[in-house]
Amino acid sequence: MLTQMPKGTKDVLPAETARYQAMEALIREKTRLAGYQEIRTPVFEHTVLFTRSVGESSDIVRKEMYTFEDKGGRSITLKPETTAGVVRAFLEAGMHNQALPVKFYYLYSPHFRYEAPQSGRLREHHQFGVECFGAPEASADAEIIWLGMDLLKSMGITDVKLFINSIGCPVCRPAYRQTLLDYLHNKENLLCGDCNDRIDVNPLRVLDCKVPGCQAQLKDAPRMIDHLCDECKNHFASLQSLLDAAGLTYTVDTGLVRGLDYYTKTVFEVVSDTDRGPLTLVGGGRYDGLVEEIGGPSIPGVGFGMGMERVLAHLESLSEDQQKLKPVQSIPDLYIAPLDRSLAPIAFKLLMQLRTLGIKADMNHTTRGLRAQFKYADKLGAAYVAILGEDEVSKGVVKLRDMKSGEEWEVPLADAPDVMKNRIVKKSKEACAP
RNA sequence: GUGGGUAUGGUUCAGUCGGUUAGAACGCCAGAUUGUGGAUCUGGAAGUCGUGGGUUCGAAUCCCACUACCCACCCCA
């Protein structure tokens, strides 16, 4: 091998793509019901889009972006998240002048972050996500949270916890930030080095520190939740009553702060408890200032991202009967086995006729003998094998074998496509019957 | 970025104290069955032992460096 796949990347092999396709089909159906439309944005954007939106103080911008200069001297960054690109596209297409709210989803959007890979963490990962623009009310927040939870539930993932918090808005956060700063500066010498580095850059993140000593010191730290302005307070209360109405159980985690700087008011995470510890499957929140930050009018937004690799990995850890997402198997209905290569044109013509009729068929493409062709057809799981030898051709027939029952019969070559189609359609109906 | 672990046919792994031609299982190919799959049996192909250097008469084995992957911290999806 010349090289291997780059660190932190994953090949998705056929067994796995079938699972992705099943998940994607479910996502498309659920988002359709909720009125979200698909949007696709470029894999790379101008770097400034991310430094402005995700934020200079975030870990993503500070140390994780794949940034390079292109041949035209532009600073380009492979997208570390998709929301900023969607906002940019939304504005660039002038969609903010259309009737709002407008709702988007993106599927299998690649994200690049230069991190140290480990279980559940890659340098290239893919997210499904939704964004809703122009909906200030908490019902929009509740809608996407329900959508995320419903999707997981529909796949069979129920052993997850929903955490919510409100991190305020430009009205109330500055005052709170000052209160927190005063508190933290008093504790400076009792906190770890990381915390001290973070105090002035992003004090909210200090509250998230996992060092036990810091946690003890931060027990009595002022919490945003107690310093919300009336609007934010009402919004958060409204969100909770909506989640209650939808029958969702959740935990208010006053320490929950997200890694992107653009969030306002609602933030939330859906976390799975793996045997290796907690892992966030879905994360999101409200970003009422982001559209304006990117140069548009003041339009509120709310959205989330779901880590597709993580969700599938979690699904895989569940028992077979817990998993509701069933990948579609790729099994041919019929395999054509010509005995001799000279019969290939007849076999090929039949194959093309069958496919035109919508039958999933395949034929021998090797110099193998009949016996080996049967072995191969069996490995593919073919329901029928069509045998084409000198005997059959001289009689103008093809011999069909039902691989399950072993039954064999001869069908005139001219009628073969229709006969096979009828038989396969009938059989699949029987399989569906109760 | 820091710390720990690992690296041997396609896959999962064995390989003793450094010693002759590096093994097994599964998978793959073929034959037994000259035109018929699953089971069984027989045979075959497939390895620069992660890469580069060093020690040695001799290295998969010992030493050094590098790379990759896994795990943890940090952070996140």
Side-chain angles (χ1 to χ4, degrees), chain A residues 1-10 13 54 58-64 80-83 108-129 148 152 160 192-195 197-198 202 205 208-212 214 256-260 268-272 274-284 303-314 335 337-340 343 364 366-393 399-408:
Chain A
M1 279 268 289
L2 180 64
T3 69
Q4 297 148 314
M5 60 182 124
K7 188 175 190 157
T9 63
K10 276 269 182 292
L13 303 175
V54 174
S58 67
D59 281 6
I60 291 175
V61 169
R62 281 163 62 206
K63 48 190 185 192
E64 295 178 357
E81 60 106 48
T82 296
T83 302
Y108 205 66
S109 178
H111 289 180
F112 305 88
R113 296 181 194 172
Y114 194 84
E115 309 201 61
Q118 58 186 264
S119 86
R121 201 169 70 188
L122 297 162
R123 286 187 175 175
E124 181 196 33
H125 77 276
H126 298 81
Q127 285 188 22
F128 151 69
L152 294 176
V160 288
C192 72
D194 280 347
C195 283
D197 290 345
R198 225 171 253 157
N202 192 344
R205 290 270 308 283
D208 227 10
C209 184
K210 303 292 189 293
V211 178
C214 295
L256 177 61
V257 181
R258 312 236 52 249
L260 303 123
F268 72 95
E269 282 185 4
V270 182
V271 180
S272 75
T274 70
D275 44 358
R276 295 200 189 103
L279 203 60
T280 302
L281 300 181
V282 179
F304 71 69
M306 175 185 282
M308 297 181 80
E309 286 87 353
R310 283 190 183 180
V311 168
L312 275 187
H314 186 76
Y335 185 85
L339 263 157
D340 189 272
L343 302 170
N364 177 45
T366 70
T367 54
R368 277 197 273 251
L370 188 62
R371 177 188 158 78
Q373 292 188 52
F374 263 93
K375 279 195 176 190
Y376 182 70
D378 186 58
K379 266 161 204 157
L380 293 180
Y384 295 90
V385 170
I387 304 154
L388 209 52
E390 291 298 343
D391 295 354
E392 286 79 12
V393 171
K399 193 186 273 179
L400 265 187
R401 180 184 175 87
D402 182 325
M403 291 295 274
K404 204 158 186 186
S405 68
E407 187 189 351
E408 283 185 6

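Below, chain A is the first sequence line, B the second, and so on; all start at residue 1. These numbers come from the heavy atoms of this one structure, side chains and all, not from hydrogens, waters or symmetry mates. Because the structure is a prediction, the values reported are computed rather than measured.
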Which nucleotide in the list B:C75, B:C76, B:C70 gets nearest to the side chain of A:E64?
B:C75

Bracket string, RNA chain B, 5' to 3' - pairs by Watson-Crick or G-U geometry under 3.5 Å, | interstrand:
(((((((..((((.....[...)))).(((((.......))))).....(((((..]....))))))))))))....

At under 4.0 Å, does any side-chain N or O of A:T280 touch on OP1 or OP2 of B:C76?
no

Geometric class of the A:F304/A:F128 ring pair [parallel <30°, tilted 30-60°, perpendicular >60°]
perpendicular

Establish, for the pair A:R123 and A:F112, whether the NZ or CZ atom is under 6.0 angstrom from the six-membered ring centre and no further than 45 degrees off its axis.
no

When the distance from CD of A:E115 to P of B:C71 is rounded to whole Å, what number comes out?
14 Å

Roughly how many Å is it from CZ in A:R310 to P in B:C76, rounded to a whole number?
11 Å

Contact class for A:P6 vs. all strands (heavy atom < 4.0 Å): base, sugar-phosphate, or nothing?
sugar-phosphate

Touch class at under 4.0 angstrom, heavy-atom based, for A:E81 against every strand present:
nothing

Tell me, for nucleotides 29-37 of chain B in 5' to 3' order, what letter each nucleotide earns: B for a base near a protein heavy atom under 4.0 Å, S for only sugar-phosphate near one, - for neither?
SS-BB-BBB

Give the rounded distance in Å between these two atoms: CZ of A:R123 and C1' of B:C76.
14 Å

Test item: A:E124 side-chain N/O and A:P110 main-chain N/O as donor-acceptor pair under 3.5 Å:
no

Under 4.0 Å, counting only non-hydrogen atoms across every strand here, what does A:V282 touch: a base, just sugar-phosphate, or nothing?
sugar-phosphate

Under the side chain to side chain donor-acceptor pair (under 3.5 Å) criterion, do A:H111 and A:T82 qualify, and how do the steps go?
CA-CA 8 Å; A:H111 289 180; A:T82 296; 2.6 Å; yes

Please compare A:M308 and A:P117 by the position of their nearest nucleotide in RNA chain B and report the one closer to 5'.
A:P117

What closest approach, in Å, do A:P117 and A:G8 show between heavy atoms, and which atom pair accounts for it?
CG-CA, 3.7 Å

Using whole Å, what does the distance between atom P of nucleotide B:C76 and atom CD of A:Q127 come to?
13 Å

Would you mind reading off the distance between A:K7 atom NZ and B:U67 atom P, rounded to a whole angstrom?
9 Å

Protein-nucleotide distance (A:Q118, atom CD; B:C71, atom P), rounded to Å
7 Å

Which part of the nucleic acid, if any, lies within contact of A:L380, taking any heavy atom under 4.0 Å across all strands shown: a base, the sugar-phosphate backbone alone, or nothing?
nothing

Kindly list each side-chain donor-acceptor pair under 3.5 angstrom involving residues 371-383 of chain A, sequence neighbours excluded, with atom names and distances?
unit_1 : atom_1 : unit_2 : atom_2 : d
A:Q373 : NE2    : A:P338 : O      : 3.0
A:Q373 : NE2    : A:R368 : O      : 3.2

Would you kindly give the OH-to-P distance between A:Y335 and B:G38, to the nearest whole Å?
15 Å

When all nucleic acid strands are considered with a 4.0 Å heavy-atom cut-off, which category describes A:G381: base, sugar-phosphate, or nothing?
nothing

Is a donor on one side and an acceptor on the other found under 3.5 Å between the side chain of A:D402 and the backbone of A:S405?
yes

Whole-Å distance separating the CG atom of A:L122 from the P atom of B:C70
8 Å

Would you mind checking if A:K10 and A:E309 are paired as a salt bridge, meaning a charged N to carboxylate O distance below 4.0 Å?
no

